[in-house]
Amino acid sequence: QVQLMESGGDSVQAGGSLRLSCTYSGDVLPSAYMAWFRQAPGKEREGVAGIYSGTTRRYYADSIKGRFTISQDSAKNTVDLQMNSLQPEDTAMYYCARTAPFTLLRDPLTESGYHYWGQGTLVTVSS
């Protein structure tokens, strides 16, 4: 089993920045995808940014490209999401997710294939 815990959600003004962190623990093996998803009120959950553990492969949704950066610290077992130039449309519950080891994904920003999920952290951006 793998446990994921998100932190860093807050309320900010438009144009501000936040850094979300996902700490993973348990039976953590390499060769897994990790990603950040978000779900705004009344909308479906969408993939925001992803990473293939231990590599430089990064995946970003078009809606946040150039504003958000995903990074991993393997020594600390964390995956962070640096969010800059936040806009009201970024308001959502943000979730961290991880696949089982050696899972192959055609699109790392779709939910299918992600086996482990955190409880979420809320980001609110006011105009």
Side-chain angles (χ1 to χ4, degrees):
Q1 284 293 326
V2 174
Q3 294 79 42
L4 304 175
M5 181 173 294
E6 303 94 338
S7 62
D10 206 344
S11 296
V12 296
Q13 298 263 333
S17 297
L18 280 176
R19 189 176 185 89
L20 305 183
S21 188
C22 173
T23 302
Y24 50 94
S25 61
D27 298 329
V28 177
L29 296 176
S31 303
Y33 288 90
M34 291 196 69
W36 285 94
F37 291 79
R38 68 185 181 185
Q39 187 166 21
K43 294 189 177 181
E44 294 186 354
R45 190 155 53 185
E46 62 172 348
V48 173
I51 186 171
Y52 192 70
S53 189
T55 75
T56 58
R57 279 186 270 175
R58 305 289 186 267
Y59 311 89
Y60 293 100
D62 289 342
S63 60
I64 58 86
K65 204 169 289 185
R67 298 189 297 124
F68 292 8
T69 303
I70 190 170
S71 61
Q72 182 178 26
D73 187 333
S74 298
K76 296 181 180 179
N77 280 7
T78 58
V79 172
D80 290 355
L81 184 68
Q82 177 66 41
M83 306 187 295
N84 299 327
S85 302
L86 283 162
Q87 299 301 315
E89 53 265 35
D90 295 316
T91 295
M93 185 71 80
Y94 283 72
Y95 298 91
C96 178
R98 184 180 175 95
T99 65
F102 310 110
T103 297
L104 297 178
L105 296 179
R106 176 175 293 184
D107 182 356
L109 297 184
T110 58
E111 290 187 50
S112 60
Y114 285 91
H115 190 70
Y116 304 103
W117 291 83
Q119 294 298 309
T121 187
L122 182 62
V123 172
T124 304
V125 184
S126 57
S127 57

Could you tell me which non-hydrogen atom of [X] sits nearest to which non-hydrogen atom of [Y], and how far apart they are?
X	Y	value
Arg106	Pro108	O-CD, 3.9 Å
Met83	Val123	CE-CG2, 3.8 Å
Ser112	Leu105	O-CD2, 3.7 Å
Arg67	Ser85	NH1-O, 2.9 Å
Leu29	Pro101	CB-CG, 3.7 Å

Under 3.5 Å, side chain of Gln1 to main-chain N/O of Gly26, donor-acceptor pair present?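 It does not hold such a pair.
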Looking only at atom types and distance, does a side-chain atom of Thr91 sit under 3.5 Å from a main-chain N or O of Thr124, one as donor and one as acceptor?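 Side chain of Thr91 to backbone of Thr124: no pair is present.
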Are Leu4 and Leu109 linked, directly or through other ILVMFWY residues, by side chains that come within less than 4.5 angstrom of each other?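 Different clusters.
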Taking the cut-offs as 6.0 angstrom to the six-membered ring centre and 45 degrees off its axis, would you call Arg98 and Tyr24 a cation-pi pair? yes
Test side chain to side chain contact (heavy atoms under 4.5 Å, CB included) on Tyr60 and Ile70; report intermediate values, then the result. CA-CA 9 Å; Tyr60 293 100; Ile70 190 170; 3.5 Å; yes
For residues 11-21, which side-chain N or O atoms pair as donor and acceptor with protein atoms under 3.5 Å away, sequence neighbours left out?
unit_1: Ser17; atom_1: OG; unit_2: Asn84; atom_2: OD1; d: 3.0
unit_1: Arg19; atom_1: NE; unit_2: Asp80; atom_2: OD2; d: 3.1
unit_1: Arg19; atom_1: NH1; unit_2: Gln82; atom_2: OE1; d: 3.0
unit_1: Arg19; atom_1: NH2; unit_2: Asp80; atom_2: OD2; d: 3.3
unit_1: Ser21; atom_1: OG; unit_2: Asp80; atom_2: OD1; d: 2.8

Between OH of Tyr95 and SG of Cys22, what distance do you get to the nearest 0.5 Å? 13.5 Å
Please tabulate, for the side chains in residues 32-48, all donor-acceptor contacts under 3.5 angstrom to protein atoms that are two or more places apart in sequence or on a different chain.
unit_1: Arg38; atom_1: NE; unit_2: Glu46; atom_2: OE2; d: 2.7
unit_1: Arg38; atom_1: NH1; unit_2: Asp90; atom_2: OD1; d: 2.9
unit_1: Arg38; atom_1: NH1; unit_2: Tyr94; atom_2: OH; d: 2.9
unit_1: Arg38; atom_1: NH2; unit_2: Glu46; atom_2: OE2; d: 3.2
unit_1: Gln39; atom_1: NE2; unit_2: Lys43; atom_2: O; d: 3.1
unit_1: Arg45; atom_1: NE; unit_2: Glu111; atom_2: OE1; d: 3.4
unit_1: Arg45; atom_1: NH2; unit_2: Glu111; atom_2: OE1; d: 3.1

Decide yes or no for Thr103 and Tyr114: does some side-chain heavy atom of the first lie under 4.5 Å from some side-chain heavy atom of the second? no
I would like to know whether Ile51 and Arg57 meet side chain to side chain contact (heavy atoms under 4.5 Å, CB included); could you show each step before the answer? CA-CA 6 Å; Ile51 186 171; Arg57 279 186 270 175; over 6 Å; no
